[in-house]
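This report concerns only the one structure given below.
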Amino acid sequence: MLDMKRLRDDLDNIVERLNKRGEDHGHLRDIVTKDTRRRELLQEIESLKAKRNEISKNIGIKKREGKDVAALLEEVEKDKQRIADMEDELKGIEQEIKDTMLGIPNVPHEDIPLGKDDTENVELRKVGRIPDFSFEPKPHWDVARNLDILDFERAAKISASRFVIYKGMGARLERALINFMMDLHAEEHGYREVLLPYIVNEAAMTATGQFPKFKDDAFKLTDERGLYLNPTAEVPGINMHRDEILAAADLPINYVAFTTAFRQEIGSAGRDTRGIIRQHQFNKVELIKFTTPETSYDELEKMLRHSEKVLQKLDLPYRVVEICSGDLGFAMAKTYDIEVYVPSYGGYREIGSISNAEDFQARRGGIRFRRDKNAKPEYAHTLNGSGLAVGRTVVAILENNQQEDGSVVVPEALRPYIGTDIIK
RNA sequence: GGAGGAGUACCCAAGUGGCUUAAGGGACUCGCCUCGAAAGCGAGCAGGCCGGAAACGGUGCAGGGGUUCGAAUCCCCUCUCCUCCGCCA
């Protein structure tokens, strides 16, 4: 959510910057008009209420003294309907403002590259060596079928398409990666490990920005309380501190969470139908940070390095791209993607996304901090980043480390976790 | 799933329609005392949110509705926590 004061004072600049996302946000002018009316109403209502409070107080006093209060009752009656009418109008206008505000995306950071879509994202660096195969490399689903470690048919039988069963060393590989990533971030990078609920409510989805705009992407439970399957650990993670005032001394707060994420993938019906690149259910290790405004971009860089470290340790080739204005996520001011090299794709595929939401989610979720005991609360900055998507890491290992005989070499850093140096 | 109980500020807690501008205590902050500290004594402590340049006003007793000139207090709905029973990994 944007700051209404900032919107009032700096409307043209904000509209211009929002427009870099590719849609016109000129309708924000209406909101500012509505907000002016809102403040008018509020002031009138408040002065009438102040008057009413005064009279009511006198009624109490006179009654105690046994005096007649009929005249005062009559006087207070005059404004009763007026207050009620204005309060109705105020309520309506506040609802309209809120509805619109919840649909406005975050203002992109000024320095991010201008572009219309993902083709204009900017590559920052390439790291690692792309494998040079002396044979024709297979896509991961063929590698997996030969090793009997992934089973799509039986998964569809018990669930639906876009679900998968990991078997044998496949299941072991996934579990080893989760443990490896969790240990790396918790022990070496200093994040506090948390295990979060996989079912979240509407308020949580709204605070992080999934709702109201992207309601169709979520798996809704039929439970009448309005609950949804976790789409990413960002939702339960950031919402841990919803409606809280944190102490500045505790910042930055760093969490690392393993979660299973659930996505409808409605808009991607025909894409990546083979293999495990795009599933309805997948595992992810996620990094979460709460920071002060002045440190959030430093923390973003740190988080990016922590995510990259996973691929460096696993010896997988990747690149880092900076997301351009037209491809930027709804809640984010700035995002880096980490893309891992996938031979069957002939290029790099997203395996992680590291973002700074600045105070956008903090405003929606009431996440604040106080610099010292008597200071006014300020909105915190929230960040989240993959550390990394586990299923896509499996893809990268199976494809990049495959051998001519169909076996797969296990990255050295993973061997203590999986208990073997080769999957065959 | 059944039966009860509770939710007041950082914590504990009083408050059954107007003298509450939410008592009192603890914690906390400052001061006195002290070589220094503890104890004791004194003072401050509705903080948050909204409007306002400010003065100030409004709001606020888990959340939301309602009754009333006036609600922490009365009515309705919801949420959360606790206890017991049942079921259960």
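First the proteins, then the strands, lettered A, B, ... as listed; each starts at 1.
- Residue contacts shown for A:Lys57 are absent, as no nucleic acid heavy atom lies under 4.0 Å away.
- Across the protein-nucleic acid pair, A:Glu75 atom CD and B:G70 atom P stand 14 Å apart, rounded to whole Å.
- Residues A:Leu314 and A:Leu177 are in side-chain contact: their nearest non-hydrogen atoms beyond the backbone lie under 4.5 Å apart.
- Judged as a salt bridge (charged side-chain N to carboxylate O under 4.0 Å, His left out), and not counting sequence neighbours, the contacts of A:Glu299 are A:Lys289, A:Lys302.
- Among residue pairs with one or both ends in residues 253-276 of chain A, those qualifying as salt bridge (charged side-chain N to carboxylate O under 4.0 Å, His left out) are A:Glu265-A:Arg278, A:Asp272-A:Arg278, A:Asp272-A:Arg349; sequence neighbours excluded.
- Look at CD1 on A:Ile93: it is 15 Å from C1' on B:G51, rounded to the nearest Å.
- Spacing of P atoms, B:U16 relative to B:G66, comes out at 25 Å, to the nearest Å.
- Atom CD in A:Glu54 sits roughly 15 Å away from atom P in B:G70 (whole-Å rounding).
- The OH atom of A:Tyr379 sits 13 Å away from the P atom of B:G48 (whole-angstrom rounding).
- Distance noted for atom C1' between B:C88 and B:C79: 25 Å (whole Å).
- If you measure from atom CG of A:Asp243 to atom P of B:G48, you get 16 Å, rounded to the nearest angstrom.
- Comparing the same atom, P, in B:G18 and in B:C75 gives a spacing of 15 Å after rounding to whole Å.
- Taking the six-membered ring where the residue is Trp, the centroids of A:His381 and A:Phe360 are separated by 6.0 Å or more.
- One C1' atom belongs to B:C87, the other to B:C76, and the distance between them is 32 Å to the nearest Å.
- A:Ser344 and A:Glu399 are linked by a side-chain donor-acceptor pair at a separation below 3.5 angstrom, with hydrogens and angles left out of the test.
- For the ring-ring contact (aromatic ring centres under 6.0 Å, His included) condition, the pairs that include at least one residue of residues 198-217 of chain A, sequence neighbours left out, are A:Phe211-A:Tyr228, A:Phe214-A:Phe330.
- Going from the C1' atom of B:U73 to that of B:A23 covers 15 Å, rounded to whole Å.
- Applying the salt bridge (charged side-chain N to carboxylate O under 4.0 Å, His left out) test to A:Arg175 and every residue at least two apart in sequence or in another chain returns nothing.
- Note: CD (A:Glu77) to C1' (B:G70) measures 13 Å, nearest angstrom.
- Applying the salt bridge (charged side-chain N to carboxylate O under 4.0 Å, His left out) definition to pairs two or more places apart or across chains, none involves residues 414-424 of chain A.
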Identify all pairs in which a protein N or O lies below 3.5 Å from an N or O of nucleotides 72-79 of chain B, and state each distance.
none

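- Between A:Lys376 and B:G47, a side-chain N or O to OP1/OP2 separation shorter than 4.0 Å is absent.
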Base-pairing string, 5' to 3', of RNA chain B - Watson-Crick or wobble, under 3.5 Å, | interstrand: ((((((((.[[[..)..(.....]]].(((((.......)))))...((((....))))..[[[[[..)....]]]]])))))))....

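- Comparing B:G51, B:G48, B:G70 by their closest approach to the side chain of A:Arg39 singles out B:G51.
- Partners of A:Tyr379 according to the ring-ring contact (aromatic ring centres under 6.0 Å, His included) rule, which considers only residues two or more places apart in sequence or in another chain, do not exist here.
- Place A:Ser56 and A:Arg38 on RNA chain B by their nearest nucleotides, and A:Ser56 ends up nearer the 5' end.
- Under the ring-ring contact (aromatic ring centres under 6.0 Å, His included) criterion, the residue pairs touching residues 283-303 of chain A are A:His109-A:Tyr297, A:His241-A:Phe290, with sequence neighbours excluded.
- In this structure A:Glu188 satisfies the salt bridge (charged side-chain N to carboxylate O under 4.0 Å, His left out) test together with A:Lys313, sequence neighbours excluded.
- Taking atom C1' in both B:A9 and B:G44, the straight-line distance is 16 Å, to the nearest Å.
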Indicate for each nucleotide in nucleotides 54-66 of chain B, in 5' to 3' sequence, whether protein heavy atoms under 4.0 Å reach the base (B), only the sugar-phosphate (S), or nothing (-). ---BSS-----S-

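- Atoms CG (A:Leu41) and C1' (B:C50) sit 14 Å apart, rounded to a whole Å.
- Remark: A:Asn201 pairs with no residue by the side-chain hydrogen bond (donor to acceptor under 3.5 Å, both in side chains) rule, at least two apart or across chains.
- Comparing B:C19 with B:G24, their P atoms sit 16 Å apart, to the nearest whole Å.
- Using a 4.0 Å cut-off between charged nitrogen and carboxylate oxygen, A:Asp79 and A:Arg52 do not count as a salt-bridge pair.
- Comparing the same atom, C1', in B:C61 and in B:A72 gives a spacing of 5 Å after rounding to whole Å.
- Summarising the geometry, the separation between NZ on A:Lys62 and P on B:G70 is reported as 18 Å, rounded to the nearest angstrom.
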